[in-house]
Chemist: 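Dropping the structure in here first, questions after.
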Amino acid sequence: MVIAIDGPAGAGKSTVARAVAQRLGFTYLDTGAMYRCVALAALERSAAPAQVAAALEISVGARVLLDGRDVSAAIRAPAVSEAASRAAADPAVRAAMVAEQRRLLASGDWVAEGRDIGTVVAPDAAVKVFLTADAGECARRRALELGADPGTVLAEQAIRDERDRSRAVAPLEPAPDAVALDTTRLSVEQVVARIAALARAARP
Ligand code: DC
């Protein structure tokens, strides 16, 4: 079974997806980390993301490995966030990432988190959730995580979210059959319980 969790930055996807996976005994797939790896490799090699994307060995388990190197911290740097959002707008990069994501999701039980999981990567997912939160709350959460200034995070996030929403290929948008969940005033536990209930209801 695949549970697809999409939404903008800071809506709570990673925290929620990890917790849902743990509760249900599913495997967590952070697809944003894959785009971040492509961006990091391109920055390090001064190459175009599309040139490096297909040849990279990316593993996004408990630690994120890029060609065997632990880049879990490096991919969270603000410069990589910005470069990842640009790389993710390139159709060739997306084609390579989506192919790998579909290969992984083909068997087993997964909670996959991203921007296009319910629309493109796994349109047949048993459960689709689109998480949102108001922009100020998204920025506050991200800033807390990064130890950064909320105002700066809000401005940077607005640019990236707008790019993710307006790109030609797989723009950030809810699947027509996704359940929309505004997490602004919900606790992590409340959101996790809601998604776990959707998963139980979808079990054959
Ligand atoms: O979720 P995140 O911030 O780690 O994602 C990094 C970038 O990758 C972000 O700009 C959106 C993009 N992304 C995407 O386009 N499609 C996905 N499935 C996941 C992330």
Chemist: Charged N to carboxylate O under 4.0 angstrom, R141 versus E137?
Modeler: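 Between E137 and R141 there is a salt bridge, with a charged N closer than 4.0 Å to a carboxylate O.
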Chemist: Keeping the roles fixed (side chain from K128, backbone from P123), state whether a donor-acceptor pair exists under 3.5 Å.
Modeler: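 Yes; judged by distance alone, with no hydrogens or angles, the pair exists.
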Chemist: Applying side chain to side chain contact (heavy atoms under 4.5 Å, CB included), run through R94 and D116 and close with a yes or a no.
Modeler: CA-CA 10 Å; R94 299 205 72 82; D116 61 342; 2.8 Å; yes
Chemist: With a 4.5 Å limit on heavy-atom distance, are the side chains of T31 and V121 in contact?
Modeler: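 SC-SC contact between T31 and V121 ruled out.
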Chemist: Donor-acceptor pair, R167 side chain versus A170 backbone, under 3.5 Å?
Modeler: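 Between the backbone of A170 and the side chain of R167 there is a qualifying donor-acceptor contact (under 3.5 Å).
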Chemist: Please give me the minimum heavy-atom distance between V2 and A125, naming the atom from each residue.
Modeler: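 Looking at all heavy atoms of both residues, the closest pair is O-CB, 3.6 Å.
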Chemist: Taking side chain as C-beta onward, heavy atoms only, is R165 less than 4.5 Å from P8?
Modeler: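 Side-chain contact under 4.5 Å: yes.
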Chemist: If you look at every heavy atom in A139 and P150, which pair is closest and at what distance?
Modeler: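 Answer, listing the atom of A139 first, then P150: CB-O, 3.9 Å.
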Chemist: Rounded at 0.5 Å granularity, tell me how far CG in D164 sits from CD1 in I159.
Modeler: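 If I round to the nearest 0.5 Å, the distance is 12.0 Å.
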Chemist: In this structure, would M34 and L40 fall into the same cluster of hydrophobic residues linked by side-chain contacts under 4.5 Å?
Modeler: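 Same cluster.
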Chemist: Would you say L186 and R194 make side-chain contact, with heavy atoms under 4.5 Å?
Modeler: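 Side-chain contact under 4.5 Å: no.
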Chemist: Any chain of hydrophobic side-chain contacts (each under 4.5 Å) joining I3 to V192?
Modeler: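 Yes, because I3 and V192 connect within a single hydrophobic cluster, where side-chain heavy atoms sit under 4.5 Å apart.
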Chemist: Given S85, which partner from the list R36, R163, Q157 fulfils the side chain to side chain donor-acceptor pair (under 3.5 Å) test?
Modeler: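 The side chain to side chain donor-acceptor pair (under 3.5 Å) with S85 is passed solely by R163 among R36, R163, Q157.
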Chemist: List for me each residue that meets side chain to side chain contact (heavy atoms under 4.5 Å, CB included) alongside L56, sequence neighbours excluded, and say none if there are none.
Modeler: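 Here the qualifying residues are V38, A41, R45, V52, I58, L66, D67.
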Chemist: Taking T27 for the side chain and W110 for the main chain, is one N or O donor matched with an acceptor at less than 3.5 Å?
Modeler: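 Not confirmed, T27 side chain does not pair with W110 backbone.
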Chemist: Would you say the side chain of R203 lies within less than 4.5 Å of the side chain of R200, judging by non-hydrogen atoms?
Modeler: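 A side-chain contact is absent here, since even the closest heavy-atom pair is not under 4.5 Å.
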Chemist: Search all heavy atoms of A48 against all heavy atoms of A42 and return the closest pair with its distance.
Modeler: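 That closest heavy-atom pairing would be C-CB, 4.2 Å.
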Chemist: Are L172 and V129 co-members of a hydrophobic cluster defined by side-chain heavy atoms under 4.5 Å apart?
Modeler: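 Per the 4.5 Å side-chain linkage, V129 and L172 are not co-clustered.
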Chemist: Might you point out which heavy atoms bring A96 and A53 nearest each other, and give the distance in Å?
Modeler: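 Looks like CB-CB, 4.3 Å.
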Chemist: Do we see a donor-acceptor contact under 3.5 Å between the side chains of R142 and S81?
Modeler: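 No - no donor-acceptor pair under 3.5 Å links their side chains.
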Chemist: With distance as the sole test, does K13 use its side chain to make a donor-acceptor pair with the main-chain N or O of L131 at under 3.5 Å?
Modeler: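 No; zero donor-acceptor contacts below 3.5 Å.
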Chemist: Do M1 and L105 land in one hydrophobic cluster if side-chain heavy atoms of ILVMFWY residues count as linked below 4.5 Å?
Modeler: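 No, no single cluster joins them.
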Chemist: Apply the side chain to side chain contact (heavy atoms under 4.5 Å, CB included) test between Y35 and each candidate in V93, D90, V80; give the one that qualifies.
Modeler: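 Result: among V93, D90, V80, V93 is the only option passing the side chain to side chain contact (heavy atoms under 4.5 Å, CB included) with Y35.
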Chemist: Contact between L198 and V179 at the side-chain level, heavy atoms closer than 4.5 Å - yes or no?
Modeler: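 A side-chain contact under 4.5 Å exists here.
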Chemist: Kindly give the heavy-atom pair with the smallest separation between I117 and A112, and that separation in Å.
Modeler: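 Taking every non-hydrogen atom into account, CG2-CB, 3.8 Å.
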Chemist: Are any non-hydrogen side-chain atoms of C37 and I75 less than 4.5 angstrom apart?
Modeler: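 They are in side-chain contact.
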Chemist: Heavy-atom count check: over 12 atoms from other residues, nucleotides or ligands less than 6.0 Å from Q22 CD?
Modeler: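 At most 12 heavy atoms, drawn from other residues, nucleotides or ligands, come within 6.0 Å of this atom.
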Chemist: When you measure from the side chain of R102 to the backbone of A122, do you find a donor-acceptor pair of N or O atoms at a distance under 3.5 Å?
Modeler: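 Side chain of R102 to backbone of A122: no pair is present.
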Chemist: With a 4.5 Å cut-off on side-chain heavy atoms, are V191 and L181 touching?
Modeler: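 Answer yes - side chains close enough.
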Chemist: By salt bridge (charged side-chain N to carboxylate O under 4.0 Å, His left out), which residues pair with R76, not counting sequence neighbours?
Modeler: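 So R76 forms a salt bridge (charged side-chain N to carboxylate O under 4.0 Å, His left out) with D30.
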Chemist: Which value, rounded to the nearest 0.5 Å, describes the distance between E156 atom CD and L146 atom CG?
Modeler: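 With rounding to 0.5 Å, CD (E156) is 9.0 Å from CG (L146).
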Chemist: Any chance you could measure I5, atom CD1, to R18, atom CZ, to the nearest 0.5 Å?
Modeler: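 One finds 11.5 Å between CD1 of I5 and CZ of R18.
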Chemist: Are V98 and V111 linked, directly or through intermediate hydrophobic residues, by side-chain heavy-atom contacts shorter than 4.5 Å (ILVMFWY only)?
Modeler: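 Each belongs to a different hydrophobic cluster.
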Chemist: Whether the side chain of S59 engages the backbone of L65 through a donor-acceptor N/O pair (distance < 3.5 Å, no angle test) should be reported.
Modeler: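 Side chain of S59 to backbone of L65: no pair is present.
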Chemist: Could you tell me which residues satisfy salt bridge (charged side-chain N to carboxylate O under 4.0 Å, His left out) with R63, sequence neighbours excluded, listed by chain and number?
Modeler: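 With neighbours one apart ignored, the set is D70.
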Chemist: Of all heavy-atom pairs between A133 and C138, which one has the smallest distance, and what is that distance?
Modeler: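 Shortest heavy-atom contact: O-SG, 3.6 Å.
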